[in-house]
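Accompanying notes for the structure given below.
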Amino acid sequence: MNEMPIEVRLELSGRITFEQDISVAQGAQVISFLQAPPELIRETSSPELPTLPPSGALVAEEAPRELPAPDEARDRRPVEGPRQALEFSGARTIPEKITAFAAYLMQEEGHETFTQNDVRGLFQRARERIPSHFTREFDKAVQAGWIHEGAAKGQFYLSQAAENVIDNRFDSLRARQSRKPDSSRSAPLGSARKKPRVVAIPDTFAGLDHIPTTLDEVIPYHQVKLKRDKLLWAVNLAKLLGIESLQSSEAAWLTNKLGDALSTRDMNGHFTGLQRRGFANRSMSDHGMRITDQGEEYLKSL
């Protein structure tokens, strides 16, 4: 009995020429495929591969790129020196230049406070003539509310209104000052003396019969030199009277009763200085000003 060969020779010719040794089983499959009806071949043919979506569809499915926030997109102009601080701020008068230099010290050189000599040195660095009455011009910047006294003698810091004067220029500060009433105008006839404005007692103090001006282990209110310390003294008094925190209007009323009123306009600046030193903080409930234990110890050391 002849054995069946393991391999057979398959030769195909036409548009495609194929010649190879294959097994008998493979050859049988090829012959049965070639002899099958065309419709059967179409039914058993492999499915077409899915087509890829157009490139536009892929792009549409991508997550949209987030645009930067306005504050992030706007780069802050670098200030290369005190001369540019004057140019960017638009300072014209001597008090304005003093304030611009003070802003440069705090923003660009990292000062928490500054002295008059610190500012005076920037006039030289900016090739500006040092004012002959420097202290008087410096006091004008303080009176304008742009600069505040610090806790230590001879130390100063910027008010919130003037913190960004290099970026925002002096235009807004000048406009604010121009809206103030002109006190130099002459009073109408028959009103040579202005009548005092009656200030209503805040509800916080409505139940009190007496406002003390002296406290144990603390110097009297009228002996406190810095206005910021006067605010701390008033907040400490309020705590001793059972009032845990003070609003700016309440602190202004209380300091007026104590003999030296603090303006509500400067109240936030005074409080910021106290907060930086750890002498005061704000209540979480009503956002009022409160004295800390460190602040009480500081008052006793005055």
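The first residue in the sequence is number 1, and the count goes up from there.
A distance-only check finds a donor-acceptor pair linking the side chain of E96 to the backbone of R92 [under 3.5 Å]. Here the side chain of S159 pairs no donor or acceptor atom with the backbone of G269 at under 3.5 angstrom. Put simply, the side chain of K97 never gets that close to the backbone of L86: no donor and acceptor are under 3.5 Å apart. Side-chain atoms of Q247 come within 3.5 Å of backbone N or O of D286 as a donor-acceptor pair. The closest donor-acceptor contact from the side chain of R290 to the backbone of S245 lies at 3.5 Å or more, if one exists at all. Counting only distance, with no hydrogens or angles, the side chain of T255 and the backbone of L262 share a donor-acceptor pair below 3.5 Å. Under a 3.5 Å cut-off, the side chain of S89 and the backbone N or O of I166 do not form any donor-acceptor pair.
Pairing each heavy atom of A280 with each of L232, the nearest pair is CB-CD1, 4.5 Å. When every heavy atom of L254 is checked against every heavy atom of A234, the shortest pair comes out as CD2-O, 3.4 Å. Heavy atoms only, all atoms of each residue included: A126 and R83 are closest at O-NH1, 3.1 Å. The minimum heavy-atom distance between L241 and P212, with the atom names listed, is CD2-CD, 4.4 Å. Taking both residues in full, the closest heavy atoms of V165 and A100 are given as CG1-CA, 4.4 Å, listed atom of the first, atom of the second, then distance. Taking each heavy atom of F170 and A91 in turn, the nearest pair found is CE1-CB, 3.7 Å.
Separating the CG atom in L231 from the CG atom in L226 is a distance of 12.0 Å, to the nearest 0.5 Å. In this structure, the separation between NZ on K140 and CD1 on I94 is 9.0 Å, given to the nearest 0.5 Å. Atom CD of E137 sits about 13.5 Å away from atom CD1 of I130, to the nearest 0.5 Å. Atom CD of Q275 sits about 11.0 Å away from atom CE of M289, to the nearest 0.5 Å. The structure places CG of D229 at 7.0 Å from CG of L274, a figure rounded to the nearest 0.5 Å. Distance CG/D118 to CD/Q155: 7.5 Å, rounded to 0.5 Å.
Between V218 and L302 the shortest side-chain heavy-atom distance does not fall below 4.5 Å. Between H148 and F156, the closest side-chain pair of non-hydrogen atoms is not below 4.5 Å. Residues W233 and L258 have side chains in contact (heavy-atom distance under 4.5 Å, counting atoms from C-beta outward). Within the 4.5 Å cutoff, no side-chain heavy atoms of D139 are placed close to those of R136. Side chains of D260 and H222 form no contact here, defined as non-hydrogen atoms less than 4.5 Å apart. Using a 4.5 Å heavy-atom threshold, the side chains of R120 and F138 count as separate.
The side-chain contact (heavy atoms from CB on, under 4.5 Å) check on E297 picks up K300, with sequence neighbours excluded.
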Side chain to side chain contact (heavy atoms under 4.5 Å, CB included) between I147 and I98, worked out: CA-CA 9 Å; I147 294 177; I98 289 174; 4.0 Å; yes

Go through it in stages, so that I can follow the logic: the residues are K227 and D266, the test is salt bridge (Lys or Arg N to Asp or Glu O under 4.0 Å), and I'd like the CA-CA distance, side-chain angles, deciding distance and then a yes or no. CA-CA 10 Å; K227 292 185 179 295; D266 300 330; over 6 Å; no

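Ring geometry for F101 versus F123: interplanar angle over 60°, hence perpendicular rather than tilted (30 to 60°). Relative ring orientation between F205 and W253 is described as parallel, the plane-to-plane angle staying below 30° on a 0-90° scale split at 30° and 60°.
Heavy atoms from other residues, nucleotides or ligands lying under 6.0 Å from CD of E109 number more than 12. No more than 12 heavy atoms of other residues, nucleotides or ligands sit less than 6.0 Å from atom CD of E217.
Cluster annotation: I219 and V235 are assigned to the same hydrophobic cluster (Ile/Leu/Val/Met/Phe/Trp/Tyr, side-chain heavy-atom contacts under 4.5 Å, transitive).
Using a cut-off of 4.0 Å between Lys/Arg side-chain N and Asp/Glu carboxylate O, E108 and R125 are scored as not salt-bridged.
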